[in-house]
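In what follows, a structure is listed as structure tokens, so that the remarks can point back to it.
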Protein chains: 2
Amino acid sequence: MTFPVGEIVASRRPHRKDAARNYDALLDAAREAFAAHGADASLEDIARRAGVGIGTLYRNFPTRRDLFESVYADEVNELCRVAGEVAGLEPWEALTTWLRRFTDYMVTKRAVREALNDESEIFQACRESMYAAGGPLFERAQEAGEARRDMDFIDLLRMVAGITATAFDDDAQRDRVLAIALDGVRATAR
Amino acid sequence: MTFPVGEIVASRRPHRKDAARNYDALLDAAREAFAAHGADASLEDIARRAGVGIGTLYRNFPTRRDLFESVYADEVNELCRVAGEVAGLEPWEALTTWLRRFTDYMVTKRAVREALNDESEIFQACRESMYAAGGPLFERAQEAGEARRDMDFIDLLRMVAGITATAFDDDAQRDRVLAIALDGVRATAR
DNA sequence: ACTCTAGCGGAGGCACACCTCCGCTTCAAG
DNA sequence: CTTGAAGCGGAGGTGTGCCTCCGCTAGAGT
């Protein structure tokens, strides 16, 4: 299994020790900020929370998009890795387990909806990676007669992304709603 | 059937002819802006598009929240009205028709997710109105054995709001995904 | 027609985010 | 240890949005 996204984005991490630490701190802070405030979180705030100067942020990530892409690519890579892990489970079980990870790792929830429609090269590569990783899980479930055939994997991802990005009273409600929607994915196969 | 929301908010519309026209233009522009840019659209931009000075906006709606509440309340009122219209249809048909209107009228889609969790008095009143209008449709579908009983109306609204607020490739995809999720709402009742 | 007041609009002060630039710091190679 | 260059940070210029304030305009009642 290959991880093209990692190759496209990863090499920017600097070599010097302090610089690498700053780079990581920035990514962490950015992940949190994007999760909390969406894709237009304040860059100065991110630098502040990372404990570095604003100049350092701009040296590592010349544009907002560069930063966001890096955060996003990290999460996509993680998802690709998980897709391999669940390969041993039963078809439907494998799919839903992966989807649950999808909702967990996509911490940048609010921003993901926009990213799903972004046309840029990197995002396109990310989506393709994700489809390559998760798509087979869905097709396997379809072939096993567990998932309906009148939808595609992209439909499924949008559905889950939409539900995930919404505010719920609590996690239990989110899980309940997600499970119900997934029942719809399975319904006609029964 | 009563419409408490309308009573709470509506009386602010000014009496003088030009003033009333400005008020309406502001609401229209705001509806569009909130739909396009979410709840933190630029107020100066809204005033510009409405063709009035920024001062006029602030006189009518002293805070951003006042403006947003008014737009939101309008849409909720409209939804309440529609709930009455569909009362004659078959239970499941009535519910899904209303939900489709829900996705249409909620033009302020991006912002609705946040509003669904807002604690303020007005938003609470709006939600209650909406629950009062749509809830019976759902309960009727449940009693007819068409909708599953292990979820409540609020779960359903969140599900639909989440899917509606997400970006799709086209309307057909949105409808398809929504229909699949609604299959999940109906699944166990079959 | 006259008036008087509700309503208008936008200039301007404030706050904050974006991004550049450059003198200072610190790593790490020799 | 020395040294040079990679990296740092934040001051400051620019833009944009928020909101107030007040001199002017025009609708509505007489």
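Each chain gets a letter, A, B and so on, in the order the sequences are listed, and its residues count up from 1.
Residue Ile54(B) has its side chain nearest to dA11(C) when only dA11(D), dC8(C), dA11(C) are considered. You'll find that the side chain of Thr56(A) is closest to dC8(D), out of dG7(D), dT20(C), dC8(D). Listed candidates were dC8(C), dG9(D), dG9(C). Nearest to the side chain of Asp18(B) is dC8(C).
Put simply, CZ on Arg59(A) is 9 Å from C1' on dA6(D), counting in whole angstrom units. Residue Ile46(B) contributes atom CD1, which lies 8 Å from atom P of dC18(D) at whole-angstrom precision. Note: CD (Glu44(A)) to C1' (dT14(D)) measures 13 Å, nearest angstrom. In this entry the distance linking CG of Asp66(A) with P of dC19(C) reads 11 Å, nearest Å. Going from atom CZ of Arg13(B) over to atom C1' of dG7(C) covers 15 Å, rounded to whole Å. Rounded to whole Å, atom P of dA26(D) lies 12 Å from atom CZ of Arg21(B). If you measure from atom CG of Leu57(A) to atom P of dC21(C), you get 17 Å, rounded to the nearest angstrom.
Toward the 5' end of DNA chain C, the nearer of the two residues Arg16(A) and Arg16(B), judged by each one's closest nucleotide, is Arg16(B).
Looking at heavy-atom distances under 4.0 Å, Asn22(A) makes contact with sugar-phosphate atoms alone, never a base. Heavy atoms of Leu43(A) sit under 4.0 angstrom from primed sugar atoms or phosphate atoms, though from no base atom. Using a 4.0 Å heavy-atom distance criterion, Arg64(B) is classed as a sugar-phosphate-only contact.
Using a 4.5 Å heavy-atom threshold, the side chains of Asp152(A) and Leu156(A) count as separate. Taking the side chain as every heavy atom from C-beta outward, Glu143(B) and Phe138(B) never approach each other to under 4.5 Å.
Atom CG of Leu137(A) and atom CD of Glu93(A) lie 12.0 Å apart (nearest 0.5 Å).
For dC16(C), neither phosphate oxygen OP1 nor OP2 lies less than 4.0 angstrom from any side-chain nitrogen or oxygen of Ser42(A).
Classification of the Phe153(B)-Trp98(B) ring pair by plane angle, with boundaries at 30° and 60°, yields tilted. Using a 30° and 60° split on the angle between ring planes, Phe34(B) and Phe68(B) fall in the perpendicular class, above 60°.
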